[in-house]
Amino acid sequence: MQDLVIPAPDQPTLPTTAGGRFPVRRVYCVGRNYAAHAREMGHDPDREPPFFFTKPASALVTDGADTPYPPGTDRLEHEVELVVALGRGGSDVAVTDALDLVWGYGVGIDLTRRDVQAEAKRLGRPWDLAKGFDASAPVGTLVPAAGVDPTTGAIGLRVDDALRQSGDLADQVWSVAETIAELSRWVTLAPGDLLFTGTPDGVGPLQRGQVVTGFVTEVGTVTTRIV
């Protein structure tokens, strides 16, 4: 083993219902994958193939920990998503084989500095600081893939006691299998990769002190408090 000139960073992991923890390699996200959300953001989902962006694995918020309100924004917004955890990798994966790569599923919240994103779009700049900032990816406990149907089921989000987002996995423009297959044409997927699969409409702002709970039927929940 090579000597390291600085201490190695901690390996980000997620809790699982299987007892052990899931090591996270990379975090991919697909944009505007629910038709109603695409329209609320001013786009036509019927004309757009899937596109992807990333968050660092260090952005994960796990085990129900609080989420700090990030600096540099006055418009922090929530986006609840089904999260896919890959136990196998591959490239140029066929749609018919894509779900064989999945170890399990979880519920995540893609936190977004919406004002920063809007300005980046206006100037034609990258979204990194709007999407990939510290603590921008709360994720709940992962459940093994067996018994979970990623093509249907309620998905939603509550802020305190108010329902903000409500949809169904069946509303995805691109299914989980199609999304994995498409992403594998661009990058080589590996065990430990996560995929956030898009959000239904109803995204909105968050304030300090609010408790955010995302849920997906048969998968579970994620809860965090904005501080």
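Please read these numbers as outputs of a predicted model, since none were measured by experiment.
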request  = Report the C-alpha separation of L76 and Y69 in whole Å, then their side-chain angles, then the decisive distance to 0.1 Å, and conclude whether the side-chain contact (heavy atoms from CB on, under 4.5 Å) test is met.
outcome  = CA-CA 8 Å; L76 179 67; Y69 196 101; 3.7 Å; yes
task = Please lay out, stage by stage, how R164 and R158 fare under the test side-chain contact (heavy atoms from CB on, under 4.5 Å).
result = CA-CA 5 Å; R164 290 271 194 92; R158 291 184 176 86; over 6 Å; no
Candidate pair V176 and T151, rule side-chain contact (heavy atoms from CB on, under 4.5 Å), full reasoning = CA-CA 7 Å; V176 169; T151 67; over 6 Å; no
message = side-chain contact (heavy atoms from CB on, under 4.5 Å) for T13 and T62? Distances and angles first, verdict last.
response = CA-CA 8 Å; T13 64; T62 68; over 6 Å; no
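Defined by atom type and a distance below 3.5 Å, a donor-acceptor pair is present between the side-chain atoms of R26 and Y28. Between the side chains of R113 and T73, no donor-acceptor pair of N or O atoms lies under 3.5 Å.
Within the 4.5 Å cutoff, side-chain heavy atoms of L111 are placed close to those of P138. Side-chain atoms of T199 and L157, non-hydrogen and from C-beta on, never get closer than 4.5 Å to each other. In this structure, L86 and L195 have side chains that are not in contact, with every pair of non-hydrogen atoms separated by 4.5 Å or more. Residues L82 and Y105 meet the side-chain proximity criterion, which asks for heavy atoms closer than 4.5 Å. Under the 4.5 Å side-chain criterion, counting only non-hydrogen atoms from C-beta, D97 is not in contact with V95.
Apart from W103 itself, the hydrophobic cluster it occupies contains L14, F22, V24, V27, L60, V83, V139, L142, L194, F196, where clustering links Ile, Leu, Val, Met, Phe, Trp and Tyr at side-chain heavy-atom distances under 4.5 Å.
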List the atom pairs, donor and acceptor, that lie under 3.5 Å between side-chain atoms in residues 220-227 and the rest of the protein, sequence neighbours left out.
residue, atom, partner, partner atom, Å
T223, OG1, T213, OG1, 3.2
T224, OG1, A65, O, 2.7
T224, OG1, T67, N, 3.3
T224, OG1, T67, OG1, 2.7
R225, NH2, D66, OD2, 2.9

Check residues 124-131 and write down every donor-acceptor pair under 3.5 Å in which the side-chain atom is one partner and the other belongs to a residue at least two apart or another chain.
residue, atom, partner, partner atom, Å
K131, NZ, E79, OE2, 3.3
K131, NZ, D110, OD2, 2.7
K131, NZ, T112, OG1, 2.8

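With D134 contributing its side chain and A59 its backbone, the two residues share no donor-acceptor pair below 3.5 Å. Of the possible donor and acceptor atoms, none in the side chain of Q11 sits under 3.5 Å from a partner among the backbone N and O of P23. A donor-acceptor pair under 3.5 Å links the side-chain atoms of Q210 to the main chain of Q207, judged by distance alone. Panel note: side chain S166, backbone G156; no donor-acceptor pair is recorded below 3.5 Å. In this structure, the side chain of D168 engages the main chain of G153 through a donor-acceptor pair within 3.5 Å. Although no hydrogens or angles enter the test, the distance criterion places no donor-acceptor pair under 3.5 Å between the side chain of T141 and the main chain of T16. At distances below 3.5 Å, not a single donor-acceptor pair connects side-chain atoms of D160 with backbone N or O atoms of A162.
No option in F52, F53, W174 other than F52 meets the side chain to side chain contact (heavy atoms under 4.5 Å, CB included) test with V30. Between P200 and the options Q165, Q172, E81, a side chain to side chain contact (heavy atoms under 4.5 Å, CB included) holds for only Q165.
Neither F215 nor Y34 shares a network with the other; the hydrophobic side chains, linked directly or stepwise wherever heavy atoms of I, L, V, M, F, W or Y lie under 4.5 Å apart, form separate groups for each. Following chains of ILVMFWY side-chain contacts shorter than 4.5 Å, one can reach V84 starting from V187, so the two form part of one hydrophobic cluster.
With sequence neighbours left out, D149 forms a salt bridge (Lys or Arg N to Asp or Glu O under 4.0 Å) with no residue at all. Every residue meeting the salt bridge (Lys or Arg N to Asp or Glu O under 4.0 Å) condition with E119, not counting sequence neighbours, appears here in chain and number order: R122.
Across all non-hydrogen atoms, the minimal contact from T188 to S91 is OG1-CB, 3.9 Å. When all heavy atoms of P144 and T17 are compared, the closest pair comes out as CD-OG1, 3.2 Å. Considering all non-hydrogen atoms of both residues, V80 and G214 come closest at CG2-CA, 3.8 Å. Residues P12 and S58 come closest through the heavy atom pair CG-N, 4.3 Å.
Taken from CG in L169 to OG1 in T197, the straight-line distance is 7.0 Å, to the nearest 0.5 Å. For the atom pair S175 OG and N33 CG, the distance stands at 8.5 Å (nearest 0.5 Å).
Contact check on R25 versus D193 returns a salt bridge, with a Lys/Arg side-chain nitrogen under 4.0 Å from an Asp/Glu carboxylate oxygen.
For CG of D10, the number of neighbouring non-hydrogen atoms (other residues, nucleotides, ligands) closer than 6.0 Å is 12 at most.
Identified under the ring pair (Phe, Tyr, Trp, His ring centres under 6.0 Å) test for residues 129-165, with sequence neighbours left out: none.
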